[in-house]
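Please read the structure below before turning to the comments.
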Amino acid sequence: MKLNRRKFIKRILIVAASIEAVFLLKDSVSKIDTFSSKELFNAGKADSFEKNKLYPFSTGQFFLKRFEDGGFLAMSVKCTHLGCVVNANSKTGGFNCPCHASQFNKFGEVLSAPATRPLDIFPIRIENGEILVDTRKPVKRSSYNKSQLTYA
Amino acid sequence: MANKESDQRIPSSLEKFILHLHPNRIDSRAIKFNRTFGLGGILALLFVIISLTGLTLRFSYIPTVEHAYDSIIGIRDNTILGQFIRNLHHLSAKLMVLVSFLHLIRVYYSQSIFQKRAENWTYGLLLFFLVLASSFTGYLLPWDQLAYWAVTVITQIVEYIPLVGDSLAYLLRGSDTVDGNTLINFYTLHTGIIPLLFVVLMSVHFWLVRKAGGVALPKTEEKEKVDVIPNLLWKEIMVASIVIGGLFIVSVFYEAPLLDQANPLKSPNPSKAPWYFLGAQELLLHLHPFFGAVIIPLSAALFFFGLPYFRYKNVNVGVWFNSSLGKKMSIQSSSISFVFTFILIYILDHFLHFDIWFSGVPSVISTGVIPFLLYTLPLAGYLLFWYKNHKANNTEIIMACTSILLSSYVCMLLISLLLRGEGMQLIF
Ligand code: HEM
Ligand code: FES
């Protein structure tokens, strides 16, 4: 195989561009991390929450749901279709999206399209009876199951 | 020779500059208005207007979450001619999207994209992408509700791309959600990188037009050549004056929109993408994201980049619609696809609920494959009909495909823009 100057330069450029692309995509662009500087979100005393009720935390961008059995689930307010903020539907106990009419049930699972996956959840830790919600990284899930609940 | 005198006159330096962009003498058919409609030239002019007004806006604009919105208010209320300049920038940007689209259609249907012009078609598509990219990045800058949610919706579409989607969206936003990092990213792209790329690509674009021997024209026996100065120059000045005059007048009355300051806690209802992306958003309402955000955009892009390179039997470079059959087919197929898309969307919205009827099967099939086939099969049958009954060859068939795609997109865009209200429900 003959390697002339042009081919050589071309290849170098392609290699450099690919390395750059990999770096960029592996989020190596350091910016101020607007998330990890935030602390865990303290939602308050665990026993102050009634069972079978939904508590919206708009500054934390999540809904805190306490189920029948006392388990907690923190669901992101962001619709999984295209990121609008869903509203709680007091009739069904679920959520409705204003943007393209997706509907979710009380576990955050999709009742009607266009959304395709349940609302993301945030990990919960309970320390000294206080509920700490980690709002830094939403966790994606494909369906609801009991292991997602946290108990006091 | 009668005009010997003028032949020997030494052109002024300004004339020399113009003659660097144009040849000395030019085929008289090339400067007929209905050959190019002046669209490329208008685009170049709009780029200049947008650059000048943009640079002026930069004196007052502050790209931070705290100050962006207020700085736009300051431009609007406390700056002499501030709102006028902002209107001019906004309006020219809108016009640029529209004119780029028309320019694309013009070069395509006048069969000016083949052989030595194929390369320039590629550069043109890249320029079109840049126009969309600059509009989209500019859209975020005022940091109002319109801006915030439009950019949220679009960057969220990116996340549907398999494997790289998440990191790509993160790269765009510089963050998990739209925030100050996104603003800085978009500002840098909008006022630095993209304009720079524009200058480079535009230079290549112009140079390739000249390298191909100017505007594509049908073959003919006798050619009449005329001097560029004054024949073409005069027309250019006319068109430029009309565009500039029109933009100035409209900018006095038209107000560039500015809603309430961005509020990440509250989505307006409905939340729409920027108008030129509405066709894509409409698609996502009806199709599983794997089709709507991946398969279809990808194949459409491949199709358009490939257009000059398919194996054609009889291309008539420079002949509008290639032949009279081509003209008939283009007009008919775009009308049919427009009506068909409209009806299909209507029944998909009101009567066909595949996600509920087939809730057992994976959603890729119920809301992906099925509606996809519902669109493609009838249209494929339609093309087959032309092929069988009218001996249409592949040049005309491919042209009809292009017409179908373009007209469907325009139809979806108009539906989403005009006929969708609260909750993105059809208003009828
Ligand atoms: C030299 C290049 C450019 C510079 C320096 C520039 C600069 C700016 C600045 C500072 C803003 C924020 C002020 C405002 O929002 O009113 C802005 C907004 C905007 N720009 Fe540009 N721009 C350039 C090119 C373009 C191009 C090529 C387009 C599209 C074709 C474009 C479309 C927009 C749009 C849609 C907005 C939002 C306008 C609004 O709603 O107010 N810009 N630009
Ligand atoms: S963003 Fe919620 S349905 Fe589209």
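Proteins get letters first, then strands, A, B, ... in listed order; numbering begins at 1 in each.
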Find out whether [X] and [Y] are in side-chain contact, i.e. whether some heavy atom of one side chain is under 4.5 Å from a heavy atom of the other.
X: K266(B); Y: V85(A); answer: no
X: T152(B); Y: L82(A); answer: no
X: Q156(B); Y: K78(A); answer: yes

E119(B) CD: over 12 foreign heavy atoms closer than 6.0 Å: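 No, because the 6.0 Å sphere around CD of E119(B) holds 12 heavy atoms or fewer from other groups.
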
Atom OH of Y123(B): over 12 foreign heavy atoms under 6.0 Å: no

Side chain / backbone / both / neither for P268(B) at chain A, heavy atoms under 4.5 Å: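 Only the backbone of P268(B) comes within 4.5 Å of chain A.
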
Proximal component of H286(B), with respect to chain A [non-hydrogen, under 4.5 Å]: neither

Pairwise disulfide (SG to SG under 2.5 Å) hits with a residue in residues 57-91 of chain A, at least two apart: C84(A)-C99(A)

All side-chain hydrogen bond (donor to acceptor under 3.5 Å, both in side chains) counterparts of T341(B), not counting sequence neighbours: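 Counting only residues at least two positions away or on another chain, T341(B) forms a side-chain hydrogen bond (donor to acceptor under 3.5 Å, both in side chains) with S408(B).
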
Distance in Å, K140(A) NZ paired with D166(B) CG, rounded so as to fall on 0.5 Å steps: 3.5 Å

Part of S102(A) lying under 4.5 Å from any heavy atom of chain B: neither

Closest non-hydrogen atom pair between H81(A) and L284(B), with its separation: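 Taking H81(A) first and L284(B) second, the nearest heavy atoms are NE2-O, 4.0 Å.
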
